[in-house]
Amino acid sequence: MADALVDLDDVLAAYDPAIGLEVHVELNTATKMFCGCPAVFGGEPNTQVCPTCLGLPGAMPVVNGKAVESAIRIGLALNCDIAEWCRFARKNYFYPDMPKNFQTSQYDEPIAFDGWMDVDLDGETFRVEIERAHMEEDTGKSLHMGGATGRIHGADYSLVDYNRAGIPLIEIVTRPIMGAGERAPEIARAYVSQLRDLIVALGVSEARMDQGNLRADVNLSLAPKGTGTLGTRTETKNVNSFRSVERAVRHEMRRHAAVLDGGGSILQETRHWHEDTGVTTSGREKSDAEDYRYFPEPDLVPVAPSREWVDELRGTLPENPVARRARLQADWGYTDLEMRDVVASGALVVIEETVAAGASAQAARKWWLAELGRRANDAGVELTEVGVTPAQVAAVQALVDARTINDKLARQVFDGLIAGEGTPEEIVAQRGLAVVSDDGALGAAVDAAIAANPDVAAKIRDGKHAAAGALIGAVMKEMRGQADAARVRELVLEKLA
Amino acid sequence: MAAALADGTTTSVALTQAHLDRIAAVDGAVHAFLHVDAEGALAAAARSDERRAEGATASPLDGVPIAVKDVLATEGLPTTCGSRILEGWIPPYDATVVTRLRAAGLPILGKTNMDEFAMGSSTEHSAYGPTHNPWDLDRIPGGSGGGSAAAVAAFEAPLALGTDTGGSIRQPGAVTGTVGVKPTYGGVSRYGLVAMANSLDQVGPVTRTVMDAALLHELIGGHDPRDSTSVDQPLPDLVGAARRGAEGDMSGVRVGVIRELTGEGYQDGVLARFEEAADVLVAAGAELVEVSCPSFVHALATYYLIMPCEASSNLAKFDAMRYGLRVLPEGVDSPSAEDVMRATRDAGFGDEVKRRIILGTYALSSGYYDAYYGKAQKVRTLIQRDFAAAFEQVDVLISPTSPTTAFKLGEKLDDPLAMYLNDLATIPANLAGVPGISVPSGLADGLPAGIQVLAPALADDRLYRVGAALEAELTGRWGGPLLDRAPALEGTP
């Protein structure tokens, strides 16, 4: 893409962005939305299928009650009204990975509507209005074989795996988010990130973006500044990380502005996000007139959740996220600034799990924000995708606390964990990382260091204990970082007393 | 036949073989069957005989063979829906009603001919050639279930299953002199019925007597967890109702004659037979009342919007990707999925199916939805209200089943609107979900005519009571079943 982009500051000087997010959540129900097949993606292609999810002639759907329950809980957690009566509709369009050539979805009668979520952004809240959350089924998956790109163009032939067809999805749609200005990209990211936290807390989905359990479509439009109108939007499909959500919004803002500044007009279309290059490319043209010929699904009876049931489900909701954050901050003893960093980096849940696994709150924060945060950033992935689990972080910290390793060696243990070399203990053993605190070995190294640095030794003898650092450094270097620094200091001071 | 099996006069194998022989003898002329499964039927018959020898039966109809309309999925047996697009497709599963037939021990003789995807009133729209009416081989057997009705009328099968979306069980019943029942919507599972219009379709019996229909209906009916529209409550006592009706006492029963379905457009002979049948009910003690259902005049238009809308969506799955026919377009080097889909549908769907897909696609498209589909749903509600109001006054409603007797093959093939008129009297019941039965009312100009009895939803037992009373009195007058008066077919012993 050779499009020249407009600098973000210039975009904001001339335009007001409006964002809209459509997040698909794959539910973790035991069975599919409309049949009894296991709702587990993966496995040998086309092994988890039956006449219903294959859409064979004559087969009929039956609604999964557990999926309805999850949908209602999501709706309630997003402060939505829950429909007293709603229906499924057929969304008719043709695609080989869609078994019936229509998707059973909800259209004008969603199960949940008119809600909101308060997005926390550096201690300020920004209210995102939720238009609706509706139930639908996932499609199958096309595999295009023989081409270089894995896309349909250039492929010799295509295969379709219907294992995923019929897995329950909840689609959560925001109203256009206006007035975000320069913070639009961050708000988009924070919304998806907090929505994911909520979904995880509800326990209704694995919510792993890298595995497609949670998929975000990013709508963006620009309007001339101050007009308060909505411009023509583009929809960037299947953005698969929080970071990419932010980047995609930023990219589209800059691209739209370039088109508009050049006197062009934005084409209403879907766009593909390219993680590697950070740009979007044109997908298919999608006008408002695209005709899905929706009509009520005649094979399904309406869903009419009783008010008693809805109230009962209300009682199963997790703690309010804002209250929860306040509680965790108090429990952990974090400063406001520390807590803000934790929330902004999406580390709340992993820190909570690390603390639950036995680490101190300070240690958990140190590892996730500094060491693992850096690695995630370098790899362009989320903290949860960095390859180390909260339980492993706690185990590494336990080794540090036991003085088996120090912080520097712990970094090598993380290398080993990411490389899949085994448990932290195994990695310490295999890589020979344990610190040396044996006085015999350390004593000899300390003696050698004193001998090599007579000036420093003299200063220490004169009571300048601060100079000990140079000798400790020399010992560490000699022992390739594996010395117990605290014991080395003690030995230096003893010998030079 | 069930009685003959019970007292050991015959065996299921003998009975099944006799029907297979009859099919071999006459089906060349009638063409009621698309597939005959002699081997499977005889094996099931043998198992039934073994069961009976051990003193057990799976159901009252255990061992009685049956024919099944080709729109119902049958595991291991081709299911084509009368369409080229499904030529050779063998479903990996059974429709729930077929599962119930097998569990009840009924040998399945084969699959019967039908209008393609159940679209038509004459079985001339079958991609595999028309079925002929056993009463006059130059005439249509009704549609879309002409194969099932003809098989029963031609003594090729004692029982059959049909499906009724706008009258496809009752209208063929009327024009072949057989009994056809459309149960209450949701009273019989639709799982495995290849849908034409899901909100209208219903599976039901095609038989020679009202009692046979009651027995078969009890066997296939009742809740199915795989069909969420299926009614979750016990069926009324249908066999008991048929037995009571056959005793002939109709006193206390209020019968409504639908003014809108007994006037213009009906053949004189058909109306005459209908009036005689109504008199029979009065003679048996029933009270006759004329009722008006003013919205029924819009039923045909309403039906011909809702049905194609649902059908257009249902038929979208036939795209040459997964099963059935696949046609590669000629003169295209590397055809796209769309090219293959287009070529396959062009070759695989008949004109009537294409007509309805286009109608439905148009009526559902944005900008037209409210004017057509939305409006039709509103009229549907009015028709339901007409029924509700009528059933406040009367227990059952009656009308002629079909406006005319069987017309000649080819006569209306080029005039779809004239063809659609055949379902004038049967369609309101589908739009409202109420049950209906057609029983023979006699011969008009030498061909069978039928009387239709309609009851409120879930009150299917009333159909059997009134139907059995009519049957008992009329066959008494005729000196035997109407079918005995049908001309002998070639091959008749």
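A donor-acceptor pair under 3.5 Å is absent between the side-chain atoms of K317(B) and the main chain of P99(A), judged by distance alone. Between the side chain of Y93(B) and the main chain of A59(A), a donor-acceptor pair closer than 3.5 Å is present. Remark: the backbone N or O of L300(A) is not paired with any side-chain donor or acceptor of T229(B) at under 3.5 angstrom. Judged by distance alone, with hydrogens and angles left aside, the side-chain atoms of R90(A) form no donor-acceptor pair with the main-chain N or O of S313(B) at under 3.5 Å. Between the N198(B) side chain and the D299(A) main chain, no donor and acceptor come within less than 3.5 Å of each other.
Of the atoms belonging to N314(B), heavy atoms from both backbone and side chain fall under 4.5 Å from chain A. Neither the backbone nor the side chain of C81(B) comes within less than 4.5 Å of any heavy atom in chain A. For P225(B), the part lying under 4.5 angstrom from a heavy atom of chain A is the backbone only. For Y368(B), no part sits under 4.5 Å from any heavy atom of chain A, backbone or side chain. For S189(B), no part lies near chain A; criterion is any non-hydrogen pair under 4.5 Å. For N92(A), the part sitting under 4.5 Å from any heavy atom of chain B is the side chain, from C-beta outward, and nothing else.
Ranked by heavy-atom pairs under 4.5 Å with chain A, the first of T96(B), L86(B), L193(B), L72(B) is L193(B). Note: S365(B) leads P92(B), S365(B), A73(B), A195(B) in heavy-atom pairs under 4.5 Å with chain A. With respect to chain A, the highest number of heavy-atom pairs below 4.5 Å among R226(B), M321(B), Q377(B) belongs to R226(B). No other option in F102(A), F94(A), F34(A) has as many heavy-atom pairs under 4.5 Å with chain B as F94(A).
In this structure, CZ in F318(B) is found 10.5 Å from CG in N101(A), a value given to the nearest 0.5 Å. In this structure, CZ in F295(A) is found 10.5 Å from CD1 in I306(B), a value given to the nearest 0.5 Å.
For NZ of K354(B), the number of neighbouring non-hydrogen atoms (other residues, nucleotides, ligands) closer than 6.0 Å is greater than 12. In the displayed structure, Y323(B) atom OH is contacted under 6.0 Å by more than 12 heavy atoms of other residues, nucleotides or ligands.
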Quick one: do Y162(A) and R322(B) satisfy side chain to side chain donor-acceptor pair (under 3.5 Å)? Show the steps, please.
CA-CA 11 Å; Y162(A) 291 103; R322(B) 291 162 284 260; 2.8 Å; yes
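Closest heavy-atom contact between Y185(B) and P298(A): OH-O, 4.0 Å. In this structure, P61(A) and S228(B) approach most closely via the heavy-atom pair O-OG, 4.2 Å.
Under the 4.5 Å side-chain criterion, counting only non-hydrogen atoms from C-beta, R190(B) is in contact with M60(A). Y369(B) places none of its side-chain heavy atoms less than 4.5 Å from the side chain of R293(A). A 4.5 Å side-chain heavy-atom check between Y294(A) and L364(B) finds every atom pair outside the cut-off. Within the 4.5 Å cutoff, side-chain heavy atoms of P57(A) are placed close to those of W89(B).
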